[in-house]
Amino acid sequence: MDAQTKNFRSGFAVLAGLPNAGKSTLLNALAGGLLSPVTDKPQTTRQNILAIIEGKDSQVVFVDTPGFLHPRYKLQQTMAACVDRAVGEDADLVLLLVDASAPDLPAHKDLFEKISQVFCPVYLVLTKTDLVSEPSAVSAVEEDIKKLLPAISKVFKVCAPRAEGVEALKQAVVSAMPPGPAYFPPGQWTDRWERFYAAEFIREQIFKLYQKEIPYSTQVEVEKFTEDLGDKNYIRAVIHVERESQKPILIGKGGAAIARLRKRAQARIEQFLGRPYRLELQVTVSPDWRNNTDLLEKFGYLER
């Protein structure tokens with residue numbers, strides 16, 4: 001049965017939630033791989049990332065959005081716009097993710113208001129349920145959210161790292177998709193180029209290895225990406241920081257910190273792409289790049 005038959009279902013399921021709600025972890029669990037960068041720090045995801053998941057008679061495009069926040073600079077304005085566009089324009093289904101172990105419902109007020117205005121179904125996904133000792137506490141969070149957001153039609157409780165509840169959620173999402181042809185060719189698993197993921201996984205390791213403002217002040221730009229050359233596959237990337245004082249922190253004494261970053265990022269890229277690469281990293285200062293429209297356009301956060 002092909003994508004043109006009337007029994008085929010396809011559509012977009014948007015993952016929305018506050019920073020660190022577990023969106024990227026769930027996306028990876030749904031996709032069966034490490035598609036989206038994941039760290040224990042909020043705001044790791046800066047742009048919408050698509051995971052295209054095929055079934056025998058279905059194609060679901062899961063959209064991982066940046067964490068919903070109140071923008072403090074231009075980069076965060078572009079992140080907020082990603083959420084608005086995905087929820088308001090792209091969605092056939094919204095998956096609202098809430099951390100069951102730390103729900104903080106007052107912080108969700110504006111997000112709940114935005115989701116209450118969508119015209120598609122809304123499923124509540126309570127994440128990190130393994131961190132809640134009493135099942136009754138998770139149920140209480142569910143009831144409180146339903147009172148604030150009556151639009152919720154179904155509720156799922158998941159622990160994505162353990163894959164608990166993930167398959168049931170996936171099947172429910174497929175069932176919710178409208179009839180229609182596939183949006184992407186068979187076998188395509190994302191809408192992004194491989195060099196995009198190379199930059200994302202370098203940035204992922206920056207989030208894992210550095211503290212305080214460093215992860216949030218860095219942007220990775222892949223300048224050169226060669227492939228299909230066997231052991232000569234090569235990536236050269238520039239790490240932009242905002243201030244001169246951040247450059248030595250990123251590099252470390254005798255280059256030890258950036259050497260560790262290079263080693264870990266190279267391994268992550270090779271794991272994802274399934275072939276060897278030689279990674280070269282450079283650090284440059286691009287003052288206040290998060291508020292620089294020209295640089296945000298260059299880095300792909302704004303349309304030219």
Review point. Between CD of Gln266 and CZ of Arg278, what distance do you get to the nearest 0.5 Å?
Key: 9.0 Å
Point to revise | Same apolar cluster (I L V M F W Y, side chains within < 4.5 Å links), Leu131/Val125 | key: no
Practice item. To the nearest 0.5 angstrom, please state how far the CD1 atom of Ile235 sits from the OG1 atom of Thr226. Key: 8.0 Å
Exercise for review: List in chain and number order the residues that pass side chain to side chain donor-acceptor pair (under 3.5 Å) with Ser286, two or more places apart in sequence or in another chain; answer none if no residue qualifies.
Suggested key: His240
**Study point:** side-chain contact (heavy atoms from CB on, under 4.5 Å) against Ala137, all qualifying residues, sequence neighbours excluded
**Key:** Val132, Glu134
Point to revise | Side chain to side chain, Lys208 and Arg264, heavy atoms closer than 4.5 Å | key: yes
Point to revise | All salt bridge (charged side-chain N to carboxylate O under 4.0 Å, His left out) counterparts of Arg243, not counting sequence neighbours | key: Glu213
Check your understanding: Hey, are Lys128 and Asp99 close enough for a salt bridge, meaning a charged N less than 4.0 Å from a carboxylate O?
Key -> yes
Review point. Do Arg203 and Glu200 meet the salt-bridge criterion of a basic N to acidic O distance under 4.0 Å?
Key: yes
Practice item. Tell me, please, which residues at least two apart from Lys146 pass side chain to side chain donor-acceptor pair (under 3.5 Å). Key: Glu142
Practice item. May I ask you to decide if the ring planes of His108 and Phe112 are parallel, tilted or perpendicular, using 30° and 60° as cut-offs? Key: tilted
Could you go through residues 159-171 and list every donor-acceptor pair under 3.5 Å that involves a side-chain atom there, pairing it with any protein atom two or more places apart or in another chain?
unit_1 : atom_1 : unit_2 : atom_2 : d
Glu167 : OE2    : Gln171 : NE2    : 2.7
Lys170 : NZ     : Leu30  : O      : 3.0

Exercise for review: Answer yes when Glu280 and Arg262 have at least one side-chain N-carboxylate O distance shorter than 4.0 Å, and no when they do not.
Suggested key: no
Check your understanding: Hey, are Gln246 and Tyr210 close enough side-chain-wise for a donor-acceptor pair under 3.5 Å?
Key -> no
Point to revise | Residue pair Pro185 / Gln59: nearest heavy atoms and the distance that separates them | key: O-NE2, 4.3 Å
Point to revise | With sequence neighbours excluded, residues passing side-chain contact (heavy atoms from CB on, under 4.5 Å) with Lys263 | key: none
Practice item. Taking all non-hydrogen atoms of both residues into account, name the closest pair between Ser153 and Pro121 and its distance. Key: OG-CB, 4.3 Å
Point to revise | Smallest separation among heavy atoms of Ala100 and Thr129, with atom names | key: CB-CG2, 4.3 Å
Practice item. Apply salt bridge (charged side-chain N to carboxylate O under 4.0 Å, His left out) to the pair Arg275 and Glu194, showing each step before the final yes or no. Key: CA-CA 12 Å; Arg275 51 186 181 269; Glu194 291 182 337; 2.4 Å; yes
Exercise for review: Check the angle between the aromatic planes of Tyr277 and Phe225 and answer parallel, tilted or perpendicular using the 30° and 60° thresholds.
Suggested key: tilted
Check your understanding: Heavy atoms, side chains only, cut-off 4.5 Å: are Met177 and Ser10 in contact?
Key -> no
Practice item. If the plane angle is over 60° it's perpendicular, under 30° parallel, otherwise tilted; pick one for Phe272 and Tyr197. Key: tilted
Point to revise | Within-4.5 Å side-chain heavy-atom neighbours: Val14 and Phe62 | key: no
Exercise for review: Return each pair, listed once, that meets ring pair (Phe, Tyr, Trp, His ring centres under 6.0 Å) where at least one residue sits in residues 123-177; pairs must be two or more places apart or across chains.
Suggested key: Tyr123-Phe156
Practice item. Could you pull out all residues at least two apart from Glu270 that satisfy side chain to side chain donor-acceptor pair (under 3.5 Å)? Key: none
**Study point:** Contacts of Thr293 that satisfy side-chain contact (heavy atoms from CB on, under 4.5 Å) - sequence neighbours left out
**Key:** Lys74, Glu297, Leu302
Revision key, fill the gap. Residues passing the side-chain contact (heavy atoms from CB on, under 4.5 Å) test with Val122, sequence neighbours excluded, are Val94, Leu96, Ile115, Val118, Ile152
Practice item. Assess the pair Phe207 and Tyr216: is the distance between their ring centroids shorter than 6.0 Å? Key: yes
Review point. Does anything in residues 172-188 pair up under side-chain hydrogen bond (donor to acceptor under 3.5 Å, both in side chains), and if so which pairs, sequence neighbours excluded?
Key: none
**Study point:** Distance in Å, Lys247 NZ paired with Thr284 OG1, rounded so as to fall on 0.5 Å steps
**Key:** 6.0 Å
Point to revise | Sequence-distant partners of Glu223, side chain to side chain donor-acceptor pair (under 3.5 Å), two or more places apart | key: Arg236
